[in-house]
Amino acid sequence: MISKKVILTGSFGVGKTSLFNQFIYSRFSDKYLTTIGVKVNKKTIEVNGREISLLVWDIAGEVSQDKVPTSYFLGASGIIYVFDLTRPSTYKNLEEDINYLKDMVKGGIIKVVGNKEDLVTEEQLEEVKKEISMPWDITTSAKTGKNVESLFQQLGAELLD
Amino acid sequence: MDKGRKPDSRDEELLLKELRQILLREDRDALEQLQEILDNKEQLTPRISPIIKEQIDLLKSNFPDEYRQEVREITKEQLLDSQEDILNLLYPAMGKMIKRYIAHQFQILKDSIDDRVKNTFSSQGILGKIKASLFGINSSDIILSDIDSPIIEEIFVVQRDSGLLMGQASIRSTIDQDVVAGMLTAIKAFVEDAFQKGTEELELIEYDTHAIFTQSFHSYYIAVAMKGSLSSGERDKLSTSLYDFAEKELKHRAKEIDETNFNYISSKLEEYFITTQLNKERTAV
């Protein structure tokens, strides 16, 4: 079976650990506990009849990606960049952050995720789309579990390609 | 040919043939001789060898000037292509050389300390000396034997950058080894990054009566989880065993993580570190 290292990153409080817990354990907690350093966990998924083991590194949130220890990105095949749809400060540097990440993981797959969909209306979502300079890949809700499995399925499929 | 008869074309042909034979006889003989030389190796070799030798000598003397640039380019290209392989091959050997030098220096230091304490009296020292003289063993060996040897509980080979597991063996199955390997790599990366020590590496993590010893190589590291304290001598011994293991078993397997390599490395880890240890324990009992 193929194993791949995936980095879960983004600003603090955007719901990275909640996405991580929803994906790994299928659970959500309203309690906010900041991640210290990094937490690693594994989940094996099946994509088109093929198994892939994702080693997910849930990294402590940083306002800017260049504050994350560079060694965490070494050997990563995929990055999930999460921002909070309700907090503009978490996506104001989106393009800059993505360019930085592209440089850190050359040839790696980057998925941009707008999280906390359960907290925004359709109109608010449209407003966010106008505000952001680049399109994101998927809108999720770690609380309801919406699109969480689908996010990792998409990533898994692209990693197997 | 009759006199008075005009020669016809057939006669002319015969005349020409005869004339050709007379004129070309010498050439034909020379050609036949040449053909014979060419067909006969024994005759050909002494004639050609000096020419070939001369050409080879010429090539040898002119080679550096004529082909220096080409050779340099090819070598450079090949070195760049196989940089990873070369480093994986050299790392264990270099580590062993450095260790041997350090061990030698430590031996000199130990000898000097032994000389100084030789005449020091203490109740333990006297007892040690009595035991040593009774059994004919060095007193420092007796002190070392009083300390419990650590037990290897788990051993992992981990890809250095990604933290992906390349092989593992353990005396009992614990939590997911992939996660352990990932977390260990994250801790190593965090410590090394936080203290910005350049090429220095995190070597030992201690917790209560357990310790994790790590030995880094070029593209991977080996982590050994142990129960019991690890003296500097045991640490040195373990480090040497890991270098030996890497040199013998990992140099051609460290490049790619796949099922075959994973199973091979895991079985070798089991053989070198777990089975041997269990056998020793059984013998001791």
Side-chain angles (χ1 to χ4, degrees), chain A residues 1-9 16-17 20-21 23-25 34-45 50-62 65-80 101 103-109 152 155-156 159-160, chain B residues 84 87-88 156-168 173-202 205 212 214 216-221 223 253-266:
Chain A
M1 187 179 21
I2 297 168
S3 293
K4 296 282 179 188
K5 175 179 173 179
V6 174
I7 303 290
L8 199 52
T9 191
K16 296 182 293 295
T17 304
F20 178 84
N21 286 336
F23 172 60
I24 306 274
Y25 312 106
T34 185
T35 306
I36 297 164
V38 58
K39 191 174 186 304
V40 181
N41 219 322
K42 179 184 86 167
K43 190 169 174 178
T44 302
I45 56 168
R50 288 171 73 192
E51 281 197 324
I52 178 167
S53 179
L54 300 177
L55 262 296
V56 187
W57 288 43
D58 175 19
I59 290 176
E62 290 288 354
Q65 284 304 295
D66 55 15
K67 299 277 186 294
V68 177
T70 50
S71 49
Y72 287 173
F73 294 110
L74 295 172
S77 304
I79 292 181
I80 297 174
L101 293 174
D103 206 41
M104 289 306 294
V105 186
K106 287 196 170 71
I109 291 158
F152 285 94
L155 181 66
L159 287 172
L160 282 173
Chain B
E84 286 286 304
L87 283 169
N88 274 330
F156 310 92
V157 179
V158 186
Q159 200 174 56
R160 201 156 148 172
D161 288 346
S162 66
L164 297 176
L165 196 60
M166 294 164 67
Q168 64 84 30
S173 57
T174 52
I175 56 164
D176 196 314
Q177 276 94 2
D178 284 312
V179 177
V180 176
M183 273 312 290
L184 265 177
T185 310
I187 293 165
K188 258 173 78 67
F190 174 73
V191 174
E192 285 156 18
D193 226 87
F195 295 102
Q196 306 241 315
K197 289 286 183 187
T199 52
E200 288 180 33
E201 306 259 357
L202 175 72
I205 303 169
I212 299 172
T214 65
S216 296
F217 296 86
H218 172 61
S219 60
Y220 57 90
Y221 69 91
R253 304 258 173 188
K255 211 173 176 183
E256 209 176 319
I257 303 178
D258 59 28
E259 216 171 328
T260 317
N261 282 346
F262 183 90
N263 291 339
Y264 178 86
I265 294 171
S266 298

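Proteins come first, then strands; the chains are lettered A, B, ... in the order of their sequence lines, and each starts at number 1.
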Which atoms form the tightest heavy-atom contact between A/Val40 and B/Val179, and what is the distance?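 Closest pair (atom of A/Val40, atom of B/Val179, distance): O-CG1, 3.3 Å.
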Taking all non-hydrogen atoms of both residues, which atom of B/Asp161 and which atom of A/Gly75 are closest, and how far apart?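 It is CB-N, 3.8 Å.
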Once rounded to the nearest 0.5 Å, what's the spacing between atom [atom1] of [X] and atom [atom2] of [Y]?
X: A/Trp57; Y: B/Ser162; atom1: CH2; atom2: OG; answer: 8.0 Å
X: A/Asn41; Y: B/Met183; atom1: CG; atom2: CE; answer: 9.5 Å
X: B/Asp178; Y: A/Thr44; atom1: CG; atom2: OG1; answer: 8.0 Å
X: A/Ser3; Y: B/Gln159; atom1: OG; atom2: CD; answer: 10.0 Å

Around B/Phe190, counting heavy atoms of other residues, nucleotides and ligands shown, do more than 12 lie under 6.0 Å from its CZ?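 Incorrect, the count does not exceed 12.
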Residue selection (most heavy-atom pairs with chain B, distance under 4.5 Å) from A/Pro69, A/Ala76, A/Ser53: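 With the most close heavy-atom pairs to chain B, the winner is A/Pro69.
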Donor-acceptor check, side chain of A/Lys42 to backbone of B/Gly182, threshold 3.5 angstrom: yes or no?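 Absent.
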Name the region of A/Thr70, side chain, backbone, both or neither, that has any atom closer than 4.5 Å to a heavy atom of chain B.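 Both backbone and side chain of A/Thr70 come within 4.5 Å of chain B.
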Proximity breakdown for B/Ile257 and chain A, heavy-atom pairs closer than 4.5 Å: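 When you check distances to chain A, no heavy atom of B/Ile257 falls under 4.5 Å.
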